[in-house]
Amino acid sequence: MKKIAWTLFCIPFFLFGCSGEQTVEVNNTVNNETDVGVREVINNSNEVYAGNAIFVDNQLLVAVQAKPWLDYKKKKIEKNLKKQIEEKFPDLEVFVSADYKLFWETQKLLEEEDEKKISDEVEKLKDLAKEET
Amino acid sequence: MIFIDFLLAFVIGGLICVIGQLLMDVGKLTPAHTLSTLVVAGSILAGLGWYEPLIDLAGAGATIPITSFGNALTSGAIAEAEKHGWVGVLTGMFEVTSSGISSAIVFGFIAALIFKPKGKVN
Amino acid sequence: MDQQQYQQIEDKITPPTPYLKNIIKAFLIGGLICTIGHAITYFYIIFFDFTETTVGNPTAATMVFLAMLLTGFGLYRKLGQVAGAGSAVPVTGFGNAVVSAAIEHKTEGLVLGVGGNIFKLAGSVIVFGVASAFFVALIKLILVSMGVVEW
Amino acid sequence: MVILFNTKPSIIACGSVAGPLEKKSVFYSYFDSVVEDERWNQQTNEQGHAMMIQEACKIIMKKANITNNLDIDYFLSGDLVNQMTPTNFAARELAISFIGMFSACATSVSSLIVASLLTELGASKYAIAGSSSQHNSIERQFRYPIDYGGQKPETAQWTVTAAGYALVGKHQPNLPSIVAGTIGKVVDYGEVNPFHMGGAMAPAAFDTIQSHLKKRNQKISDYDVIMTGDLGKIGLKILKAMFAQTGAKQEELEIFRDAGAEFYGEDKSFQSGASGAGCSASVYYSYMEQQLKTGRYKRVLLCATGALLSPLSFQQGESIPCTAHAVEITVE
């Protein structure tokens with residue numbers, strides 16, 4: 001019993017140690033500048049370990065995953081990122097979410113080619129994210 | 001990262017249960033008293049606005065313990081109070097749906113139809 | 001022998017509550033139940049249209065369903081003896097209280113027995129949940145209108 | 001008060017039945033009948049409870065070669081269900097003059113005392129006395145539904161599914177005979193924990209045994225065994241400690257035994273042991289009767305203990321009043 005408890009106690013420290021890398025994915029864009037800019041913003045936030053950005057027309061959907069132990073300030077992280085991206089690209093309609101559902105779905109959208117499908121899916125995800133319990 | 005996410009659910013869910021166990025063993029409360037106390041605690045945490053961050057942090061570790069029931073009812077009432085003022089406090093309560101209760105009623109009813117109490121096994 | 005003397009003898013012989021053992025068991029099993037619940041939330045997020053905010057409801061319903069099966073097969077009782085609050089505090093414990101009362105009172109008929117007694121054990125949780133929600137929301141409303149706090 | 005029975009009414013025959021879980025009991029081989037279904041193949045637990053009582057009475061009549069119910073004058077019995085409906089319903093089927101008796105788990109002895117009194121008076125040729133309990137119907141009434149996952153402490157006891165009845169008649173040599181009985185007072189030392197019945201009942205047992213010995217001018221060692229009803233392992237230890245304080249020696253303390261403590265042996269899953277009105281009854285009117293008949297014991301004191309609480313009194317914050325009744329049984 002003691003051994004198991006001790007192991008369980010130690011595991012997180014190992015994981016903390018090797019979690020420095022960030023994965024940021026952006027879907028195919030025409031504009032290289034925005035691509036790099038969004039990557040930069042997400043990369044600069046050390047509260048986030050992964051992010052997906054989907055561009056459709058002039059909309060930008062950013063789905064990020066906060067580090068699990070920082071999840072309690074999820075809403076703040078969302079707000080901060082949104083503000084930073086909006087400052088950089090004032091003419092983009094930005095939506096940021098730290099919800100796992102959006103992250104999971106945008107992962108699939110990264111591979112998607114059909115513009116129409118992407119746009120529909122982004123709309124749907126935004127609606128889902130706004131739903132209350 | 002996913003592992004830490006699960007670990008947080010485990011630890012925080014487990015800690016809430018430990019509080020319950022302490023209420024039973026040290027406080028000498030019956031299970032009904034313990035659960036009622038925890039529900040009230042959940043309501044108060046919701047009123048302070050602390051329960052939502054806890055859910056964001058621990059996921060099911062905070063939504064599965066009975067404290068989340070108090071949170072659901074209170075945040076419903078507060079949300080309605082914000083919109084409609086005094087009346088909202090009451091109506092908000094009745095607008096809240098808790099799947100825990102409704103599913104317990106449905107499954108309890110179904111269970112009554114198919115199961116028989118078992119006193120044999122110990 | 002008076003009451004006080006007897007109390008001394010009784011206290012000396014009655015085995016003490018194993019606090020630490022109970023706490024460890026409650027922590028491990030309660031944590032495990034929540035972890036299973038967490039896995040179910042991921043299941044609903046990935047395969048259905050639920051977000052982290054809305055997934056609580058289907059998860060609770062699924063956990064209550066599992067509690068129904070365990071209760072019906074007489075396993076939740078055994079779990080409860082080991083886990084104590086570890087199995088009583090999660091929503092599965094609430095489910096167990098409702099389901100066990102429903103099964104128990106089946107012999108008194110569906111209306112008087114099941115209908116009338118289904119909340120025999122869990123009713124106080126609902127009453128205190130609703131009442132405390134009312135008072136907390138009321139206090140918050142008063143504090144907000146006094147300008148002490150914000151929503 | 002001690003009652004002396006000058007005519008020494010005898011226990012002519014005994015009948016004991018038990019439920020499926022009682023196969024784990026160390027007294028299993030002494031029971032007359034064990035049923036596989038705890039509901040006795042009835043629709044409800046309470047109907048099964050009533051069937052169990054009838055079954056025990058039928059066994060007695062068979063053993064005593066009585067074919068007609070009318071030959072039995074009285075049926076004195078009780079159980080723990082509200083208003084004792086299982087016993088009442090069994091009495092309806094038996095059609096014997098009936099008084100319901102309630103001393104909780106001490107009913108096994110209190111009914112035996114009344115049956116002996118009726119015999120002594122000449123009012124009864126044959127009387128059946130005893131009590132019974134059925135786990136499911138008692139548990140749901142006093143505690144939680146069967147399948148509720150509550151945690152029981154080490155002091156908790158398991159209500160048995162069992163019935164024990166004795167046929168009391170005029171004195172016959174070589175049969176266990178009732179020579180004296182003590183009807184106990186109600187004793188309450190302020191125990192409030194319904195999961196610690198042993199601790200609540202031990203003072204009542206102490207009081208009754210003490211006053212019986214005193215009035216009869218006896219020592220503990222005058223008995224081969226003093227068997228309490230359902231104090232459980234922890235309750236028995238408490239009782240022994242109480243007697244130790246009054247100066248009883250170690251070898252005298254060995255005389256004390258408890259039906260509930262021994263019922264399920266050392267099985268830890270039953271916590272402190274067995275309890276219920278059927279616990280003392282089924283052990284007294286099977287194992288104990290046979291030990292007396294075979295001459296292993298010559299003089300025993302059976303002291304059944306009962307906790308006189310209800311779920312209502314517990315919820316209203318009352319402590320648990322307890323009683324104990326004792327009978328002295330000898331074999332010539």
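Here is how names work: the chains are called A, B, and so on, in the same order as the sequence lines, proteins then strands, and each is numbered from 1.
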Exercise. For a side chain to side chain contact (heavy atoms under 4.5 Å, CB included) with A/P68, tell me which candidate from B/L57, B/I2, B/L8 qualifies.
Key: B/L8
Quiz prompt | Separation of B/M1 CE from A/K67 NZ (nearest 0.5 Å) | solution = 6.0 Å
Self-check item: Beyond-backbone contact of B/L54 with A/Y72, side-chain heavy atoms, under 4.5 angstrom
Solution: no
Exercise. Please step through side-chain contact (heavy atoms from CB on, under 4.5 Å) for the pair B/D5 and A/D71, ending with a clear verdict.
Key: CA-CA 9 Å; B/D5 199 43; A/D71 258 346; 3.9 Å; yes
Quiz item: With a cut-off of 6.0 Å (strictly less than), are more than 12 heavy atoms of other residues, nucleotides or ligands near NZ of A/K83?
Solution: no
